[in-house]
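Okay, so here's the structure we're looking at.
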Amino acid sequence: MSEANWYVVHTYSGYENKVKANIDKTIENRHLEDEILEVRVPMQEVVEVKNGTNKKVQKKMFPGYVLINMIMNDDTWYVVRNTRGVTGFVGPGSKPVPLTEEEMRPLGIREEKIVVDFAEGDTVIITGGVWKDTIGVVQAMNEGKQSLTINVNLFGRETPVEIGFAEVQKM
């Protein structure tokens, strides 16, 4: 089986989120979760000054482009290329070219895999974010997303919360 790489897809300007949603829906409908792994519209936080006040807003890093982590084959190429709003892959001629490690690094997409020392059923404490210092029992773990689900007590009810591996520590 081939290795998944990141590819850049050119879209109509302003259609980036719609293209992402359409590809995500097609992945679900055609059961391509193992071939098209992730679709991203890279965003960055910028400060805008409006009426004399600073406001943080999310802006697209590359308007008109969507990044896709996928295994390139005839099926995945066809699905992405024929998605409404997509004008084509970035690359010479009709051959898509994957992004290199050097091109990926400034985008902050290549995250290191975190090795954890806990498993389902273990008690953990959250070390960061809005749930900091909350204790819970691990209900499920998702290695691909590097996250886990724990139940926390919220207003007297057990509520499932998804937390990244980096924000949790075993008790």
Side-chain angles (χ1 to χ4, degrees), residues 1-50 54-114 116 126 128-131 139-150 152 159-168:
M1 192 159 162
S2 297
E3 184 181 330
N5 289 306
W6 284 94
Y7 294 90
V8 180
V9 176
H10 190 263
T11 68
Y12 294 127
S13 187
Y15 279 70
E16 300 89 350
N17 293 325
K18 195 169 284 193
V19 166
K20 178 188 181 328
N22 288 342
I23 293 173
D24 286 339
K25 182 65 98 178
T26 305
I27 292 168
E28 185 181 321
N29 291 341
R30 293 191 179 198
H31 305 289
L32 294 172
E33 293 89 353
D34 296 334
E35 296 178 49
I36 301 177
L37 307 175
E38 188 177 355
V39 182
R40 278 197 183 181
V41 178
M43 304 290 273
Q44 65 183 356
E45 193 172 272
V46 295
V47 177
E48 282 186 350
V49 178
K50 272 193 173 172
N54 291 349
K55 187 176 180 183
K56 291 183 180 180
V57 295
Q58 294 287 325
K59 291 266 190 185
K60 293 180 184 90
M61 284 177 127
F62 310 109
Y65 296 93
V66 174
L67 300 179
I68 301 178
N69 188 12
M70 65 186 226
I71 297 168
M72 184 59 71
N73 60 37
D74 290 341
D75 291 339
T76 56
W77 179 88
Y78 181 84
V79 163
V80 173
R81 182 65 185 87
N82 291 294
T83 299
R84 183 185 303 250
V86 171
T87 59
F89 282 93
V90 172
S94 62
K95 186 179 188 320
V97 176
L99 292 174
T100 63
E101 279 294 326
E102 292 77 34
E103 293 169 328
M104 296 301 294
R105 208 170 290 121
L107 301 177
I109 291 179
R110 283 278 190 229
E111 295 128 12
E112 297 300 317
K113 295 288 183 192
I114 299 170
V116 294
I126 300 172
V130 295
W131 296 101
Q139 301 299 316
M141 295 180 65
N142 185 333
E143 294 287 332
K145 289 175 67 177
Q146 295 276 296
S147 68
L148 55 91
T149 304
I150 66 169
V152 297
T159 306
V161 174
E162 189 173 340
I163 301 289
F165 284 170
E167 298 180 40
V168 178

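Both backbone and side-chain heavy atoms feed into the values below; hydrogens, waters and symmetry mates do not.
With salt bridges taken as basic N to acidic carboxylate O contacts below 4.0 Å, one links Arg40 and Glu38. Ion pairing between a basic and an acidic side chain is recognised when a charged N comes within 4.0 Å of a carboxylate O; Glu48 and Lys56 show no such pairing.
Heavy atoms only, all atoms of each residue included: Asp34 and Ile71 are closest at O-CD1, 3.6 Å. Scanning both residues, Pro160 and Thr149, for their nearest heavy atoms gives CB-CG2, 3.9 Å. Across every non-hydrogen atom of Ala4 and Leu37, the tightest pair is CB-CD1, 3.5 Å. Across all their heavy atoms, Asn22 and Arg84 have their closest contact at ND2-O, 3.8 Å. Across all their heavy atoms, Tyr65 and Thr11 have their closest contact at N-OG1, 4.0 Å.
Within a 6.0 Å radius of NZ in Lys18, no more than 12 heavy atoms belonging to other residues, nucleotides or ligands are found. Atom CG of Asp74 has 12 or fewer neighbouring heavy atoms from other residues, nucleotides or ligands inside a 6.0 Å radius.
Residue Val39 forms a side-chain contact (heavy atoms from CB on, under 4.5 Å) with just one option from Thr83, Ile27, Thr26, Val9, and that option is Ile27. Residue Leu148 is tested with Met141, Glu167, Gln139, Glu162 for a side-chain contact (heavy atoms from CB on, under 4.5 Å); the sole match is Met141.
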**Request:** Might you work through the side-chain contact (heavy atoms from CB on, under 4.5 Å) test for Val79 and Asp75, ending with a clear yes or no?
**Result:** CA-CA 6 Å; Val79 163; Asp75 291 339; 5.5 Å; no
**Request:** Report the C-alpha distance between Lys50 and Lys55 in whole Å, list the side-chain angles of each, state the deciding distance to 0.1 Å, and finish with yes or no for side-chain contact (heavy atoms from CB on, under 4.5 Å).
**Result:** CA-CA 7 Å; Lys50 272 193 173 172; Lys55 187 176 180 183; 5.6 Å; no
**Message:** Assess the residue pair Trp6 and Ile68 against the criterion (side-chain contact (heavy atoms from CB on, under 4.5 Å)); give the C-alpha distance rounded to whole Å, side-chain angles, the decisive distance to 0.1 Å, and a yes or no.
**Reply:** CA-CA 5 Å; Trp6 284 94; Ile68 301 178; 5.7 Å; no
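Looking at Met43 and Lys59, their side chains never come closer than 4.5 Å, going by heavy atoms from C-beta outward. Side-chain atoms of Tyr7 and Leu67, non-hydrogen and from C-beta on, never get closer than 4.5 Å to each other. At a threshold of 4.5 Å between non-hydrogen side-chain atoms, the residues Val97 and Val90 do not count as touching. Side-chain contact between Lys60 and Val41: present, with at least one pair of heavy atoms (C-beta onward) separated by less than 4.5 Å. Between Met72 and Pro96, the closest side-chain pair of non-hydrogen atoms falls below 4.5 Å.
For Glu16 (side chain) and Gly14 (main-chain N/O), a donor-acceptor pair under 3.5 Å exists by modelled atom type. Side-chain atoms of Thr100 come within 3.5 Å of backbone N or O of Glu103 as a donor-acceptor pair. A distance-only check finds a donor-acceptor pair linking the side chain of Arg81 to the backbone of Thr87 [under 3.5 Å].
Ring geometry for Trp77 versus Phe89: interplanar angle under 30°, hence parallel rather than tilted (30 to 60°).
Side-chain polar atoms of Thr76 and Asn73 form a donor-acceptor pair below 3.5 angstrom.
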